[in-house]
There are 2 protein chains.
Amino acid sequence: MDKMNKKANLSKAALNRPVLNREEKRQIKLDAILRHAAAAFMDRGYYKTSLDDIARRHKVTKPTLYYYVRNKEDILVKCEEVASLRINGLLDEVVATGGAGFVQLQNFIEGYVEIITDDIIRCHIRHRGQREDPIARDASLKMHRGIEHRVREIIGKGVEDGSVRPCNPTIIAILLFDALNGISAWYRDEGGLSHEELVDQVLLIVTQGVRNN
Amino acid sequence: MDKMNKKANLSKAALNRPVLNREEKRQIKLDAILRHAAAAFMDRGYYKTSLDDIARRHKVTKPTLYYYVRNKEDILVKCEEVASLRINGLLDEVVATGGAGFVQLQNFIEGYVEIITDDIIRCHIRHRGQREDPIARDASLKMHRGIEHRVREIIGKGVEDGSVRPCNPTIIAILLFDALNGISAWYRDEGGLSHEELVDQVLLIVTQGVRNN
DNA sequence: CTATATTGTTACTCATGAGTAACTTAAACT
DNA sequence: AGTTTAAGTTACTCATGAGTAACAATATAG
């Protein structure tokens with residue numbers, strides 16, 4: 001009788017259907033694998049990390065990984081996808097918010113320092129360049145250039161509207177990324193240096209440089 | 001008779017002694033190997049470069065390399081020695097020349113951009129961190145910290161003498177190195193960007209930042 | 001001119017780690 | 001409830017590349 005009631009009250013579908021469907025579960029697992037892999041790569045570097053290491057962290061065996069990624073390099077490719085989405089998303093926001101070029105640049109820097117706290121992004125920054133497959137390498141280069149180009153545009157806009165002093169936006173964009181990406185190699189949220197002070201110091205250099213006037 | 005004259009005119013030692021002694025030749029060859037290795041590492045990265053690749057570039061066979069270096073990692077260690085000497089040498093010069101802290105910082109930057117044109121230095125910058133052997137890793141870290149510390153001192157001096165605006169010298173030194181070392185990854189002397197313009201742009205950021213006042 | 005240390009070679013060993021084949025267990029849709 | 005598809009396992013192959021042993025040549029010093 002009890003059984004009957006249960007069955008009667010809940011629709012058959014609701015009873016048997018799991019909360020997440022297969023595709024969703026797969027995505028979640030893929031993300032976890034990327035996260036474990038990225039953490040491992042940040043610890044020991046891409047080449048010193050074996051797929052067995054990653055599998056161990058994820059508590060599965062190596063061949064299982066191949067159900068989620070094509071091969072080792074594909075992990076980097078997938079990390080790059082995540083990175084590209086987040087960084088371009090940030091740029092979308094910054095541009096949408098508008099304001100003078102210099103202000104947009106400030107907003108971008110603030111957001112970027114936030115973003116590079118994430119292991120997957122850090123992994124991407126550190127290992128972009130390792131790509132062996134020429135097609136993957138080209139794609140990576142293209143995506144990187146795309147982002148750099150958007151920042152260059154913001155700087156260029158700043159020069160036009162007078163908020164940024166006349167300069168070579170290409171070089172400035174590259175130098176800015178060199179510094180920001182460098183940060184991702186050493187900065188840890190847990191350390192003594194707060195997020196705010198780091199952003200402050202970076203913005204102070206960008207706005208004023210270091211000379212005393 | 002001719003033979004006799006020759007022998008009589010030139011001292012026996014001068015006749016038979018080669019221009020360079022063994023130790024000197026060895027040093028020159030070691031340097032060439034480091035240069036070939038560094039170029040290979042910059043091309044394809046440390047792990048994608050085999051000792052056979054390096055041997056081929058140097059036109060010898062792999063085991064010969066072991067006459068000059070202990071093992072693969074030792075190449076990085078020896079590149080680091082070269083880098084340490086040159087960078088510390090630059091710092092010696094800069095400090096000896098004297099002047100206000102900010103001027104010394106300028107001089108250092110100028111010299112550093114010059115230095116990172118060299119393949120051995122570039123190789124060191126790119127691959128410092130790859131060290132597997134814990135002793136070698138510690139030594140590397142120590143040497144790197146030493147250099148950073150000296151730049152920090154220069155900045156601190158600038159803050160004291162008023163030539164540098166009040167700031168956190170530690171963070172500024174790190175950010176500066178992040179940017180400068182980033183340059184070493186992409187800048188080539190042969191490219192369209194002249195040495196002078198690059199230094200100009202870097203110095204402009206350091207002195208004024210990019211905001212228009 | 002000869003003995004000896006140096007520089008180099010050929011031909012291996014040996015560990016590692018990416019990728020695969022074949023099989024088992026678990027989940028989910030009808 | 002039973003069939004199918006997904007997810008995972010064990011047990012391999014296979015290439016690569018660091019490092020070595022044993023042997024060959026070349027140059028230097030006495």
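Between the OH atom of Y67(A) and the P atom of dT24(C) there is a distance of 19 Å, rounded to whole Å. To the nearest angstrom, C1' of dA7(D) lies 11 Å from CD1 of I33(A). Regarding E23(A), its CD atom lies at a distance of 16 Å from the C1' atom of dC29(C), rounded to whole Å. dA7(D) atom C1' lies 16 Å from atom CD of Q27(A), rounded to whole Å. If you measure from atom CG of L65(A) to atom P of dA7(D), you get 14 Å, rounded to the nearest angstrom. Rounded to an integer number of Å, the gap from L30(A) CG to dG8(D) P is 12 Å.
In this structure, the side chain of K48(B) engages the main chain of Q130(A) through a donor-acceptor pair within 3.5 Å. Of the possible polar contacts, none joining the R128(A) side chain to the E80(A) backbone as a donor-acceptor pair under 3.5 Å is found. No donor-acceptor pair closer than 3.5 Å links the side chain of E132(B) to the backbone N or O of E73(B).
When the side-chain nitrogen and oxygen atoms of K59(B) are compared with OP1 and OP2 of dG8(C), none of them lie within a distance under 4.0 Å. For K25(A) and dA28(C), the shortest distance from a side-chain N or O to OP1 or OP2 is below 4.0 Å. Taking 4.0 angstrom as the limit, T61(A) places none of its side-chain polar atoms (N or O) nearer than this to OP1 or OP2 of dG8(D).
Among dA7(D), dT9(D), dT9(C), the nucleotide with an atom closest to any side-chain atom of T64(A) is dT9(D).
Every pair tested for salt bridge (Lys or Arg N to Asp or Glu O under 4.0 Å) that includes a residue from residues 184-196 of chain B fails, sequence neighbours excluded, so the list is empty.
Here S140(A) contributes atom OG and I135(A) contributes atom CD1; the two are 13.5 Å apart, rounded to the nearest 0.5 Å.
Here the shortest heavy-atom pairing between Y68(A) and L30(A) reads O-CD1, 3.9 Å.
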For nucleotides 18-20 of chain C, which of its nitrogen or oxygen atoms have a protein nitrogen or oxygen under 3.5 Å away, and what is each distance?
unit_1  : atom_1 : unit_2 : atom_2 : d
dA18(C) : OP1    : K72(A) : NZ     : 3.1
dA18(C) : OP2    : L51(A) : N      : 2.8
dA18(C) : N7     : K62(A) : NZ     : 2.9
dG19(C) : OP2    : Y66(A) : OH     : 3.1
dG19(C) : OP2    : K72(A) : N      : 3.0
dG19(C) : O5'    : Y66(A) : OH     : 3.4
dG19(C) : N7     : K62(A) : NZ     : 2.9
dG19(C) : O6     : K62(A) : NZ     : 2.9

